[in-house]
2 protein chains.
Amino acid sequence: MARTKSTTVKDVAAAANVSRATAARALNGYGYVGSEAAERVLEAAARLGYRGNRVAQALRQGGLPIIGFVPGDIQNPFFARVAHDIDVAARGSKHNLLIASSEEDLEQERALLDNLRALNVRGMIVAPASANDNLHLARLVREGTPIVLIDRVLDDLPCDSVAVDNEGGAREAVEHLIANGHRRIALIHDDARIVTARDRQAGYVKALQAHGLPVDQRLIAVSSSTVQHAIDATIRLFSQPERPTALFTVDSVMTTGALLALRSIGLTIPRDVSLIGFDDFDLATFTDPQITVVAQPVGKIGPVAVKMLLERIRGLSEPPRHVRFQTRLICRGSVSRIFRPA
Amino acid sequence: MARTKSTTVKDVAAAANVSRATAARALNGYGYVGSEAAERVLEAAARLGYRGNRVAQALRQGGLPIIGFVPGDIQNPFFARVAHDIDVAARGSKHNLLIASSEEDLEQERALLDNLRALNVRGMIVAPASANDNLHLARLVREGTPIVLIDRVLDDLPCDSVAVDNEGGAREAVEHLIANGHRRIALIHDDARIVTARDRQAGYVKALQAHGLPVDQRLIAVSSSTVQHAIDATIRLFSQPERPTALFTVDSVMTTGALLALRSIGLTIPRDVSLIGFDDFDLATFTDPQITVVAQPVGKIGPVAVKMLLERIRGLSEPPRHVRFQTRLICRGSVSRIFRPA
DNA sequence: CCTGATTCTGATACCGATCTCACAGATCCA
DNA sequence: TGGATCTGTGAGATCGGTATCAGAATCAGG
């Protein structure tokens, strides 16, 4: 197919009748170059459409101007939003963004990080798929690769992180339900492997305990984070003899599933069941009534992560910094007050 | 920060007491290598944690094992889904995916493509932001860079493409409205710059003309593809004295906006207004009634695009191939029948 | 025992850009 | 006028890996 090989400094130099060294100097504006020679080089470069070869530059100078982003799932609106923000922020500093989704699979994550490492990217922003077995991450950190963790923080990993107060947010939500008289509050959460889900579950448990309520395992369902699994889990929870009066879901995908499931088994929100979901999402304002949610400042996560990463790339060597954003409970119409006689 | 420089073939060769050449042969399994020497090399490589440097490989062999993807907006669920599919397909052939969103901005798209070119990526999958001024794309094609266009096809660009029958799908939707007795059918579409929107508009116009209905400019609103703009456009359309009885929106973001706007001005679907949107989306089944949409086979686009791209990368030199998927009208509850006395 | 093929290995060129170094010519000050 | 400094330039090393080539060692067959 005779892919035309691109023009190199050599070509430009030849066209301008100078050496490669001089051409490079003219193109990059360093060292001494005669104004006349420089002009000829620039003209030749423009004429030949010289672009430079990042790969060669990267080899010489170490590292491609690329930031790697490893989200759990790019289709999840949360990560899509963050990816977008990272992209914008990275572009501001002349970096390209390489997105490689781990699909919440530890093996895949390992392979991807290996790949990024081999590509000599400048730094990585990662949402680790697992709370355990993170030797691969530990090694990267040890080797000095700039890494920023987002959304999911691993306490024993000495690197920067940006996340929200998952436990506090969950606790606030559950306490809101308790304050409205609910006692049988169900939880649907992800495999505890993911840090976020674990913390949110912890918030749920703490809220119950703080109010002297028992933690009933029958009210807790585990589901992987897909709409279908969430539907199944919801149906399981609500086909028990003593039905929960409220439900707390730990992410927007699960909330979506719960919504669908409750509708299909004929339970009305908030008359039959009250619902609070973690993470705000479009759908939440489209339903009738609208759904009460724990909102995270999604838009801040990406920019802050990039900022921290760039500082590391530039050589900052402070001890790990951890940014923790507060969540906000947005009360809409999906929680009802239960009258509870003393 | 003393970023530990990674181990090179040189290190491995030294550790195994062989030359770089032999080490490379052992590691890549080509040429003749003594079994004993090979073993020593492999052992040394494992011990030192040798990973290889893609950048150096790329320089020698031409091109990074990367596929570039330039969507209009990664937050748009359509592109997020396609990105995911591309990622999976690319991984199957040992390619990484580099996503760089153009944000529907032509200048940005140009810059991004330049970047990708400089990175020597193997090929690109692009959803062009504009129907015109595509000299930058034309040049890439001319230079032999493998490119596959998705979603939006530029007829005068000699390269592969994957898209859906936008005109036909739109036409089917509008004819469905006509068949249900609607005559004043409004359209909200994007800036005609984007090919997709233009084709869908063309379908709208053809449907009307085929049934002898006038194309009334007052029924056509232009909006950029954001929820807020779509809301404004909808309100504008429906505050006219002679209100439309039906609305066709050309993408899911606009449909979302229309939904919100209609609710806010107190119009009920489908009693007051019938609605059909192009592109199926989650929300469409969450509303009451559910929304009738023109569905595209989203899941097929990514895999087919990658398949075509890989063939080009491997050197296929057939003339440009164009895959065009059919759309499917999914009738739900957002279209009402208007009784129209003869 | 010698020729020719086969196996193994190291030296070396190369990809493209950058950077150091040395050197030539111009300029400058004493 | 001569040494020192400043300009401008090209030769060549370098980044890390891969491919070519030639030479050494082993082995087969006549």
Side-chain angles (χ1 to χ4, degrees), chain A residues 3-42 44-45 48-65 94 114-115 117-122 143, chain B residues 3-42 44-45 48-66 94 115 117-122 143:
Chain A
R3 185 162 168 183
T4 16
K5 66 180 185 331
S6 45
T7 59
T8 71
V9 257
K10 211 170 167 178
D11 304 328
V12 175
N17 243 341
V18 293
S19 70
R20 280 158 45 235
T22 302
R25 274 188 286 257
L27 290 167
N28 300 308
Y30 68 96
Y32 291 110
V33 201
S35 57
E36 192 206 341
E39 211 167 300
R40 261 182 300 145
V41 170
L42 263 27
L48 300 177
Y50 173 75
R51 295 294 230 305
N53 179 329
R54 293 279 160 89
V55 175
Q57 290 172 355
L59 177 59
R60 189 90 220 304
Q61 306 182 314
L64 285 163
K94 305 283 181 215
D114 246 33
N115 254 310
R117 210 194 81 119
L119 279 174
N120 257 329
V121 301
R122 294 258 167 83
E143 289 175 348
Chain B
R3 188 160 168 183
T4 16
K5 63 177 189 333
S6 44
T7 59
T8 72
V9 257
K10 212 168 165 179
D11 303 327
V12 174
N17 244 341
V18 294
S19 70
R20 278 157 52 229
T22 302
R25 275 188 286 256
L27 290 167
N28 300 308
Y30 69 97
Y32 292 110
V33 201
S35 56
E36 194 204 343
E39 209 167 300
R40 260 181 302 145
V41 170
L42 263 28
L48 300 177
Y50 173 74
R51 297 292 229 306
N53 180 330
R54 293 278 162 88
V55 175
Q57 290 173 1
L59 177 58
R60 186 87 219 304
Q61 304 181 318
L64 284 163
I66 288 183
K94 304 284 182 217
N115 253 310
R117 208 194 82 121
L119 278 174
N120 257 326
V121 301
R122 294 257 167 84
E143 290 175 347

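All values reported here derive from a predicted model rather than from experimental measurement. Numbers restart at 1 for each chain; the letters A, B, ... are given by sequence-line order, proteins then strands.
Counting non-hydrogen atoms under 4.0 angstrom, Val55(B) reaches nothing in the nucleic acid. Backbone-only contact: Gly52(A) has heavy atoms under 4.0 Å from sugar-phosphate atoms and none from a base. The residue Ala37(B) sits close only to the backbone: its heavy atoms come under 4.0 Å of sugar-phosphate atoms, none of a base.
Take the nearest nucleotide of DNA chain C for Gln61(A) and for Ala56(A): the residue whose nucleotide is more 5' is Ala56(A). Both Arg60(B) and Asn17(B) lie near DNA chain C, and the one whose nearest nucleotide falls closer to the 5' end is Asn17(B).
A straight line from CD of Gln57(B) to P of dG17(D) spans 7 Å, rounded to a whole angstrom. Taking atom CG of residue Leu59(B) and atom P of nucleotide dT14(D), one finds them 17 Å apart after rounding to whole Å. In this structure, the CG atom of Asp11(B) is 13 Å from the C1' atom of dC15(D), given to the nearest Å. The distance between atom CG of Asn120(A) and atom P of dC15(D), rounded to the nearest whole Å, is 14 Å. The OH-P distance, from Tyr30(B) to dT7(C), rounds to 17 Å in whole Å. Rounded to whole angstrom, the span from the CG atom of Asn53(A) across to the P atom of dG16(C) amounts to 7 Å. Rounded to whole angstrom, the span from the CD atom of Glu36(B) across to the P atom of dA25(D) amounts to 16 Å. Put simply, CG on Leu48(B) is 15 Å from P on dG16(D), counting in whole angstrom units.
For dG17(D), one of the phosphate oxygens OP1 or OP2 lies less than 4.0 angstrom from a side-chain nitrogen or oxygen of Tyr50(B). Using a 4.0 Å cut-off, some side-chain N or O of Ser19(B) falls inside it from OP1 or OP2 of dG10(C).
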Are Val33(B) and Val41(B) close enough, and set up right, to give a side chain to side chain contact (heavy atoms under 4.5 Å, CB included), and what steps lead you there? CA-CA 10 Å; Val33(B) 201; Val41(B) 170; over 6 Å; no
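Contact record, Ala37(B) with Val18(B): CB-CG1, 4.4 Å, taken as the closest heavy-atom pair. Across every non-hydrogen atom of Leu59(B) and Ala56(A), the tightest pair is CD1-CB, 3.8 Å. Shortest non-hydrogen contact noted between Arg117(A) and Ser6(B) is NH2-CB, 4.3 Å. Heavy atoms only, all atoms of each residue included: Leu48(A) and Ala15(A) are closest at CD1-CB, 4.0 Å. Closest non-hydrogen pair, Ile66(B) versus Leu119(A), comes out as CD1-CD1, 4.1 Å.
When the local axes at the two ends of the helix from dC1(C)-dG30(D) to dA30(C)-dT1(D) are compared, using 5 base pairs at each end, they differ in direction by 60° after rounding to 10°.
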Would you list the protein and nucleotides 3-6 of chain C atom pairs, both N or O, that sit under 3.5 Å from each other?
none

Return the polar atom pairs (N/O with N/O) between nucleotides 23-29 of chain C and the protein under 3.5 Å, or none.
none

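Sorted by first and then second residue, the side-chain hydrogen bond (donor to acceptor under 3.5 Å, both in side chains) pairs with a member in residues 50-65 of chain B read Asp114(A)-Arg51(B), Asn115(A)-Arg54(B); sequence neighbours excluded.
Of the residues in residues 20-28 of chain A, those lying under 4.0 Å from DNA chain D by heavy-atom distance are Arg20(A), Ala21(A), Thr22(A), Arg25(A).
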Taking distance alone, no hydrogens or angles, what donor-acceptor pairs closer than 3.5 Å link side-chain atoms of residues 20-28 of chain B to residues at least two apart or in another chain?
from     : atom 1 : to       : atom 2 : distance (Å)
Thr22(B) : OG1    : Ser19(B) : OG     : 3.3
Asn28(B) : ND2    : Ala24(B) : O      : 3.1

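You'll find the side chain of Val121(A) stays beyond 4.5 Å of the side chain of Leu64(A), heavy atoms only.
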